[in-house]
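Worksheet: the structure to be examined is printed underneath.
Counting convention: from 1, in listed order, for ligands and their atoms alike.
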Amino acid sequence: MAMMGGPGPVRIGGPEVKKHKVRAGTLRRTVPYAWRYRWQLLAVIVLTALHAASIALGPLLLKFVIDDGIVPKKDDVVVLLALLIAAIVVLDAGVMFLQTWLSNRVGQGLLYDLRTTVFTHVQKQPLAFFTRSETGALINRLNSDVLGAQQAVTTLLSQTTSTLLTLVLVLGTMFVLSWQLTLAVLVLIPLFLLPTKWVSTKLERLTRERMNTEAEMASMMGERFNIGGAQLTKLYGQPQRESETFAGKAGAVRDIATTMMAWGQVLGISIAVLTGLTTALLYGFGGRLAIDGTLEIGTIVAMAGLLGRVFGPINQLTNMHVSVLTALVSFDRLFEVLDLQPLIKEKPGARPLARTPGEEGAPDIEFDRVSFRYPNAADVSLRSLESAGRRGRKNGRPGGEAEKGAGDALVLRDVSFRVPGGKLTALVGLSGAGKTTITQLVPRLYDATEGTVRVGGEDVRDLTLDSLMDTIGVVTQDAHLFHDTLRANLLYAREDATERELTEACEAARIWDVIASLPDGLDTVVGDRGHRFSGGEKQRLALARLLLKSSPVVVLDEATAHLDSESEAAIQRALQTALAGRTSLVIAHRLSTIREAHQILVVDGGQIRERGTHDELLAAGGLYADLYGIQYGRENGNGSGTPAARAGAADELHR
Ligand SMILES: Nc1ncnc2c1ncn2[C@@H]1O[C@H](COP(=O)(O)OP(=O)(O)OP(=O)(O)O)[C@@H](O)[C@H]1O
């Protein structure tokens, strides 16, 4: 283990981890995690030592029973020693129980520490991290690597102690009993080590292969069994192909497991054969010594007993380094995630945004010469967590040429505007113009590359994240809902909301009638990603959630789903309630929203091309007038422009 702390990276075995170089200092960094449990770990080591002693003591007592009791025919010695053996067995059982219980406690404690640390850290990562990382790979970090790291500290620690102590005590006792016999037997050990080492390495490789294939199988199930994946599979009529792919993976797991079982047997049998052979040698050679009177009979019996306890620990010891290195890789991969500094952090000394209640007090939003480019992959994520990256992975963080190019273009250029407090500003424009990007800079999902975004006159980067999130309510187009009850989803906005407040929010969002008609009402489970509800219903639920939060600033991406006129009207009324008196920045797709907006900003190519009220922009006859004319025409069935242009632009505006 000591070599791991050295300056250079260490290559390790196993197909997946083979390429992974453990970074220098990893071992040192694991110490604080174990240090928290130092007293419990010390107790585990003491208990392990006691157990190891009892392993060596059993055969030794047998020697005394034979040589000092049975042979000289001393009843009292036999009874006394038999009682002692019984007492040791019972005590050892207690020791084993305590040892296992304590090391499990430490292990679970460590798992808890690692899981919560990584989860909390990952949550702090900017949105860009999640857009780049493959969810399955991320969850794997939280599951298998955390488990691997825990094993490094607990299982390995107690295993190493127990193996080493057992070997020292058992071999020591054997030497004391008869050094000649011990040496004769030890000569055979190298003969045994070579094949077992070979088999163990093979088993180690197979274990990793099985883990990888099982992970692929699990990830496939995860992808195909979420609502989107299941729908795609059905719609493209691919269940048969999916089943075949899955069967391929499951078959690989079956084959590897069968091979592993066979090699495991070979290992077990070879240990048993060697133990048998050495026992035969011991009886042959020892028997001769006993006949000569050099050895007592009890010693031979005790030696045979001790011999059976030597090969297991030796075998474990030869494989120990592989387990230690594997466990360190897990730690290293976790540290890789923990080392990732979140791009968006609260400044030291950040101030809370003063929140003035009431309509007049809604703060304004201001963009002051804002330019923005999406961050490079190298700044926000880990190559090993990006699926495409993992296929062509070099090592560690991403940063290939293609990655660098990805974020280079400015998505917003010199954008300046002000959303006055309590008023509605609509963003319109073609798809990909930069509307969503603008809205994401307000709640600091991303930070401006140049220029300043202000809320209530304060640079958002000077404000505490909590107060910013309290002030701003965001409804995205897909209006995500967790797979939980409606009530839990709504309370997510405000834990302490009363039943009455819940009902009122739902009524104001024009969704209460739908909820009331459900047999379980607010306790209805929404289904994966809220799939149980229609697009319009989800949007209204998201509005109800927003109303409960009652934030003075609202950022909203209107749903683009083609709604029937009834739900369109319902959403419109819900929106009017939700946005009344609030500072609202809305990506607008509906004529009604656009017409009533205090100000309309027309975004094109990352810039604000036109601004004004609906009437002003129509009168100006620019891009807005074109877009509006096309949509208005379409909605009234008498569109303008060429049919192709009409269809294209209408779709764009609706996206
Ligand atoms: N996470 C990202 N990383 C890199 N580029 C991005 C990212 N998200 C969006 N973009 C790019 O930024 C540009 C603006 O996208 P944005 O989503 O802001 O447009 P939009 O006007 O909201 O479009 P739509 O109406 O279709 O949603 C697009 O060219 C898009 O490809």
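At a heavy-atom cutoff of 4.0 Å, ligand 1 is contacted by both the backbone and the side chain of Thr436. With a 4.0 Å cut-off on non-hydrogen atoms, Tyr446 touches ligand 1 through its side chain and not its backbone.
Set against the non-hydrogen atoms of Lys435, the atoms of ligand 1 under 4.0 Å away are 18 (O), 19 (O), 20 (P), 21 (O), 22 (O), 23 (O), 25 (O). Close approach of ligand 1 to Thr437 is summarised as follows: ligand atoms under 4.0 Å from at least one heavy atom of the residue are 14 (C), 15 (O), 16 (P), 18 (O).
Asp339 has a carboxylate O that lies under 4.0 Å from a charged side-chain N of Arg29, or vice versa, which qualifies the two as a salt bridge. We find that Arg369 and Asp414 are joined by a salt bridge, their nearest charged nitrogen and carboxylate oxygen being less than 4.0 Å apart.
Remark: the Tyr446 side chain and the Thr437 side chain contain no N/O donor-acceptor pair separated by less than 3.5 Å. Looking only at atom types and distance, the side chain of Thr464 has no donor-acceptor partner in the side chain of Glu346 under 3.5 Å away.
Ligand 1 has no N or O atom lying under 3.5 Å from any N or O atom of Val411, backbone or side chain.
Rounding to the nearest 0.5 angstrom, the gap separating the CE atom in Met469 from the CG atom in Leu465 is 5.5 Å.
Distances from ligand 1 to the non-hydrogen atoms of Gly434 include at least one value under 4.0 Å.
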